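Quick notes on the structure that follows.
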Amino acid sequence: MSSPERIEEFLSATKSAFIGGSLLRLKLGGYHGQEPDLKSIDVKKIVVKGGDKFSFTFHYKTRDIIKNHIQPEAIGHLRTALRDEFRSAQLSTTEFDMSFERNGDKVRLKRSEVAGREAPSTEHNRAKNRPLATSDKPYLHALGITGKDGAVRNDAQDKFRQINKMVEIFAPLIQAIKAEKPRIVDMGAGKGYLDFALYDYLANVAQRPAEIIGVEMRDKLVEDGNATAAQSGFDGLSFVPGTILDYDAAGADAVIALHACDTATDDAIYGGISAGASLIAVAPCCHKQIRRQMEAGEPEDKLLILLRHGIFMERQAEMVTDALRALLLELNGYRTKVFEFVSDAHTPKNNLIVAEKDGRVGRDRDAILKQIAETKAMFGIERHYLEGLLGL
């Protein structure tokens, strides 16, 4: 059997396990491609609102990136990976294990039957760490999530899911902070949807004392937020007037910002870095600053096919902006992950950058600075806004 045929046999086994619900895990190792710092990929099956998907976790030297693909796309990516980029792969199912090894043009497969294994749950939207399992909380009505009958309003269903998902993500991150009573600053809090739900969970479910401060420039929202917090008996939750850039986050253990527009996300990241926060987590919104530079600059010719159409330019600008943010966080000693926090069926702005302080990260400053410079040159970018804030 030829090497291409062995690759197809491995892919066929993976596809069958995915469709049949017997897939446990797929791990790709021995990377020798062109992407810097990529070490391995873990693949599993998840079930989301849009249907069954392959979930890829890309393990880099100092960060993880998660991407979800429908089955045909995933098989295509795996075919390229096995043919050109990875020397080994291990497929585990409830019925058999299969190993893949490639040495140059030669491919070897080994299959062994197993028994007694159970498939893991693939329910991606499972209820865990969810304080809003019931909707009879007064603050939900005050925030417009529920109606007079206490039921979640039809036009607030997506918001309700988003809040639950954010608490599911943030709660364990906050609980991992070593401070006895973590101080959490939400930059650009708006109505404080996340702040109320997170405080409720930490105080009443996790029994984890915390202080949450929502920074918001609109005085009416600050006034309303403080009134609702007082009515809810949330003594450790407060809202203060101010802009993201001007607020002094000194003493913050965690700095978060959800959908802060364009460079306001960078202001929040800078505030977190300046405060030495243990955790920085941002869900970026628009990416105009880098897009304008890409449109006016001179990117490498081989990228023109990806930048010639407006929608492609927009997506590339988003990825490049957030990739540079991740690198700049690593430069400042943060272990960084970038992933989707909620399905794009609920919001198109669904990427989350999570950075945790780690003294082992950022030691090789020259290598990171070189990667930043090469990325900017590739896309015709003169300067990332966050670089200016950091004095680079």
Side-chain angles (χ1 to χ4, degrees), residues 1-46 52-115 117 119-120 299-307 312 315-316 319-320 323 327 338-339 364 367 370-371 374-375 377-379:
M1 186 180 294
S2 67
S3 294
E5 288 174 331
R6 286 190 171 93
I7 291 175
E8 292 305 317
E9 181 182 348
F10 189 87
L11 293 174
S12 178
T14 301
K15 180 178 177 181
S16 296
F18 176 84
I19 294 173
S22 64
L23 176 65
L24 295 176
R25 183 190 183 206
L26 172 61
K27 185 176 183 65
L28 280 63
Y31 181 73
H32 60 102
Q34 301 299 313
E35 198 161 351
D37 296 333
L38 180 60
K39 291 187 172 183
S40 63
I41 300 177
D42 282 318
V43 183
K44 64 180 180 179
K45 179 180 179 179
I46 61 172
D52 297 353
K53 289 187 177 182
F54 280 91
S55 181
F56 287 62
T57 300
F58 295 80
H59 298 289
Y60 291 83
K61 186 176 180 180
T62 57
R63 67 189 188 278
D64 293 342
I65 295 179
I66 299 174
K67 296 181 180 179
N68 300 327
H69 299 285
I70 60 174
Q71 181 253 308
E73 290 177 347
I75 295 300
H77 290 313
L78 289 172
R79 181 177 291 110
T80 299
L82 295 175
R83 185 186 62 208
D84 303 324
E85 301 171 339
F86 289 85
R87 295 190 178 93
S88 66
Q90 298 291 328
L91 172 65
S92 297
T93 77
T94 59
E95 302 168 354
F96 64 88
D97 290 336
M98 181 177 284
S99 63
F100 168 97
E101 292 184 7
R102 178 170 58 80
N103 185 1
D105 294 332
K106 296 182 179 180
V107 172
R108 184 174 68 177
L109 291 182
K110 182 179 179 181
R111 174 171 171 147
S112 56
E113 304 301 318
V114 298
R117 289 178 178 171
E300 293 184 2
D301 290 344
K302 61 185 177 183
L303 295 177
L304 294 180
I305 191 172
L306 300 177
L307 304 176
F312 290 166
R315 291 173 180 172
Q316 290 296 316
M319 288 190 289
V320 174
L327 285 170
V338 183
F339 54 92
D364 193 348
K370 180 182 178 183
Q371 194 172 356
E374 290 175 346
T375 302
M378 182 187 305
F379 287 92

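Please read all numbers here as calculations on a predicted model, not as lab measurements.
Within 6.0 Å of CZ in Arg83 there are more than 12 heavy atoms belonging to other residues, nucleotides or ligands. Atom CG of Asn103 has 12 or fewer neighbouring heavy atoms from other residues, nucleotides or ligands inside a 6.0 Å radius. The number of heavy-atom neighbours closer than 6.0 Å to CD of Gln34, taken from other residues, nucleotides and ligands shown, is 12 or below.
The shortest heavy-atom contact between Met98 and Arg111 is CE-CD, 3.9 Å. Across all non-hydrogen atoms, the minimal contact from Val107 to Ser3 is N-OG, 3.4 Å. Taking every heavy atom of both residues into account, Ser40 and Leu28 meet most closely at CB-O, 3.2 Å. Of all the heavy atoms in Phe96 and Ala13, the pair that sits closest is CZ-CB, 4.0 Å. Scanning both residues, Ser88 and Gly30, for their nearest heavy atoms gives OG-N, 4.1 Å. Taking every heavy atom of both residues into account, Asn68 and Phe56 meet most closely at OD1-N, 4.4 Å.
When side chains are defined from C-beta on, Thr93 does not count as touching Phe18, because their heavy atoms never get closer than 4.5 Å. Between Arg25 and Lys44, the closest side-chain pair of non-hydrogen atoms is not below 4.5 Å. For the pair Val114 and Asp97, the minimum side-chain heavy-atom distance is below 4.5 Å. Taking the side chain as every heavy atom from C-beta outward, Ile46 and Phe54 never approach each other to under 4.5 Å. With a 4.5 Å cut-off on side-chain heavy atoms, His32 and Glu85 do not count as touching. Looking at Phe379 and Gln316, their side chains come closer than 4.5 Å, going by heavy atoms from C-beta outward. Between Met378 and Leu303 the shortest side-chain heavy-atom distance falls below 4.5 Å. For the pair Ile65 and Thr57, the minimum side-chain heavy-atom distance is 4.5 Å or more.
For the atom pair CD1 of Ile41 and NE2 of His77, the computed distance is 10.0 Å after rounding to the nearest 0.5 Å. Between the NE2 atom of His59 and the CD1 atom of Ile66 there is a distance of 8.5 Å, given to the nearest 0.5 Å. Here the straight-line distance linking atom CD1 of Ile70 with atom CD1 of Ile75 works out to 11.5 Å at 0.5 Å rounding. Leu82 contributes atom CG, which lies 14.0 Å from atom CZ of Arg6 (distance to the nearest 0.5 angstrom). The structure places NZ of Lys106 at 13.5 Å from CD of Glu101, a figure rounded to the nearest 0.5 Å. Rounded to the nearest 0.5 Å, atoms NZ (Lys15) and CG (Leu23) are 14.0 Å apart.
Put simply, the side chain of Ser16 gets close to the backbone of Ser12: a donor and an acceptor are under 3.5 Å apart. Proximity of a side-chain donor or acceptor of Asp364 to a complementary backbone N or O of Ala367 within less than 3.5 Å is detected. Panel note: side chain Arg102, backbone Phe86; a donor-acceptor pair is recorded below 3.5 Å.
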Begin with the C-alpha distance, continue with both residues' side-chain angles, and end with the deciding distance and a verdict on side chain to side chain contact (heavy atoms under 4.5 Å, CB included) for Leu91 and Phe100.
CA-CA 8 Å; Leu91 172 65; Phe100 168 97; over 6 Å; no
Under the criterion side chain to side chain contact (heavy atoms under 4.5 Å, CB included), I'd like the reasoning laid out for Leu26 against Gln90: C-alpha separation, chi angles, the key distance, then a yes or no.
CA-CA 6 Å; Leu26 172 61; Gln90 298 291 328; 6.0 Å; no
The test is salt bridge (charged side-chain N to carboxylate O under 4.0 Å, His left out); show your working for Arg79 and Glu8 and say whether it passes.
CA-CA 8 Å; Arg79 181 177 291 110; Glu8 292 305 317; 2.7 Å; yes
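Electrostatic pairing of Asp52 and Lys45 counts as a salt bridge here, judged by a charged N lying under 4.0 Å from a carboxylate O.
Relative to the ring axis of Phe58, Lys67 places its NZ or CZ within 45° and under 6.0 Å from the centre.
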